[in-house]
Amino acid sequence: MSHEYSVSDIKVMEGLEAVRVRPGMYIGSTGSRGLHHLLWEIVDNSVDEAANGFADAVSVTLERDGSVTVEDNGRGIPVGIHEKLGVSGVEVVFTQLHAGGKFGNDSYSYSGGLHGVGASVVNALSEWVRVEVATDGRLYRMAFRSYEDKDGMHSGIPEAPLEEVGRTRRQGTKVTFMPDARVFETVEMNFEIISRRLRELAYLNRSVRFRLTDLRERGKQQEREYYFEGGICDFVKYLNGDKLPLYPEPIFISGKKDNILVEVAMQHSDGYSENVFSYVNNIPTTEGGTHETGFRASLTKVMNDYCRRIGLLKDKDASLSGEDFREGLTAVISLRMQNIQFEGQTKTKLGNTEARPAVESVMYDKLPPILEDLKNAELSALIADKAVKAAKAREAARRAKSMAREKSKLENAPLVGKLSSCTGRDPKQNELFIVEGDSAGGSAKQGRDRRFQAILPLRGKVLNVEKKRVEQVLENEELRSLITALGTGIGEDFNIDGLKYDKVVILSDADQDGGHIRALLLTFFYRYMKGLITDGHVYIGQPPLYKVQKGNDAFYCQDDKELERVTKGLRGYTLQRYKGLGEMNPEQLWETTMDPRHRTMVRVSIEDAATVEHLVTLLMGDKVAPRKEYISEFADFNKDDTFKDKAKLDV
Ligand code: TTJ
């Protein structure tokens, strides 16, 4: 069988038993996130095949029996016999750890799969796996099973060697796996999470068709398809969808340097925030890294050179800062390279030093001609003008900030006066509760444990910072007291080391108003203190909706589901529905919502930065029509899961 990629390239590693013993070591957790890692492992293979130009369609099907099928129209997993192992390439890929064509400098040149652990891990953690490979006009099949018998657990055992089962004109690979309920806390895949990731992959891999089909519930079957010929330019348009772009089409740059493929799409809008999303081999690098550094440095240099060339900056003028050119900028940076190294707290920061000069070289090479192209004269001038305005506003903001600092020094007492501090001085222990309304604020102050719990009552409306410059943010009394209380500074000055609290808890009512306050605060944190969220310090308090009283026993229920469970078969009880925090007395508020031993809180995390960006702009931006439509149709602030990770914390 003539394969340009022979099975002998597949490395052989240790067995599978270790995976089932410590699954967390391979997929992080056995919760929902770990479950979805199984799917990403399999999908990555098909995406690698597409990214290398051998496939243009990838489909994911959530089957009725709970299994998941991934199919592509690529070359097909190698079916030849491995010369050392004496088994087919398919069997090696599914039974040998770290096997698979994801290394070597030729056959699999760019692969996100390196970030993963390989299909064998999926096999080890599945009840069964079925594989079909169509290649060279022949159809091959193989199945694996994980089972327990008197000798113990057997993981991912082949039922028979790969067998040829017929002829076919198709080409590609199809894998169906059944996640093992004995391993995972949940085996229920989340349609929206998968849909968002496939959409992201479709943007990053232009002209590859991604299809998601959910067959699990009769009558509720749904299908999504993502296909973007514009690739990351379409991604930038999606991110800017509800903003007012400065110029109609994003700027697109692509090039190759030192075997690193660099693609950049960027577009300014009338907003003030900077949104850069970067990827390496389709993997989101949410903590940035050397490629983003190269992008920022080269953009600043090229734009300053341009401003000087057109006379907007005189020789005597200081160069503009990077943040001036990035005000209102949305950009997507996508690299494809080998031997990627990840760093950072969550291993989502690119460490390869060679990536920075590669991005800089492509930017220096390709951006100046775009700016100089006469058909772009207006676009270029708009970007330059916006930067000069931003520099002037920044200077004004600097003055405003220093004035605000002066002012807050003078008036610190009233500012802090709003804050009921705690006696403890340990930022690792202390908690700040931001409480909506005076009555709830009063109950929280009385009910709290003042050794480590501080209260900041919000009296006025929190400013919608989405369309405001920083000096306007600093003028808002509520936000200024919050900034002072937290101690980190904001925006460019933000420094997480200054944080005075380990947990910042938003306590607002479960109603629409409370949801709006929550959205305003989250928007402020997302725009000016993103590190507070990404470092996991922001929580949403979950006061109970009901109190069930029977004799001296009181049960507090979070929601209708819990109420139904608590009252099932219960006789002779009274039921109280809390309309708001203000209805609770201090003891109840402490007991149900603040006492670390009993409370439930939701930690806010940014699951999908692109979706959050899109949502924040949509919900908080100034294009009223789409925002109203979204709020009326989709947004239920009690379930705004884009901002939060549903993990119930037993803190
Ligand atoms: C390797 O180089 C020669 C033949 O094609 C390459 C290959 O393995 N391609 C490939 C693997 N395409 N798709 C896969 C694949 C797809 C799924 C759904 C799951 C797995 C483990 C691999």
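Below, each value reflects all heavy atoms present in this structure, side chains not excepted, and no hydrogens, waters or symmetry copies. Each residue takes its place number in the sequence, starting with 1. Here the structure is a predicted model, which means the values were calculated and not measured. Order of listing sets the numbers, starting from 1, for every ligand and every atom in it.
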As an exercise, identify every atom of ligand 1 less than 4.0 angstrom from a heavy atom of [X].
X    : value
A119 : 21 (C)
N45  : 15 (C), 16 (C), 19 (C), 20 (C), 21 (C), 22 (C)
P78  : 8 (O)
S46  : 16 (C), 17 (C), 18 (C)
F94  : 21 (C)

Would you mind checking if [Y] and [X] are paired as a salt bridge, meaning a charged N to carboxylate O distance below 4.0 Å?
X    : Y    : result
R296 : E274 : yes
E225 : R209 : yes
E159 : R141 : no

| task | With heavy atoms only and a cut-off of under 4.0 Å, state how D72 meets ligand 1: side chain, backbone, both or neither. | result | side chain
| task | Walk me through it: do M189 and R216 pass the test side-chain contact (heavy atoms from CB on, under 4.5 Å)? | result | CA-CA 10 Å; M189 291 281 177; R216 289 174 294 182; 3.9 Å; yes
| note | For residues 200-222, the ring-ring contact (aromatic ring centres under 6.0 Å, His included) pairs (sequence neighbours left out) are Y203-F228, Y203-F235, Y203-Y238
| task | Between G76, G74, A50, flag the one that comes closest to atom 4 (C) of ligand 1 by a heavy atom. | result |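 Shortest heavy-atom distance from atom 4 (C) of ligand 1: G76.
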| Where do S46 and V70 land on the side-chain contact (heavy atoms from CB on, under 4.5 Å) test, with the steps shown first? | CA-CA 8 Å; S46 297; V70 180; 3.9 Å; yes
| message | Is there a polar contact, in the sense of an N or O pair closer than 3.5 Å, between E49 and ligand 1? | response |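 By distance alone, the answer is yes.
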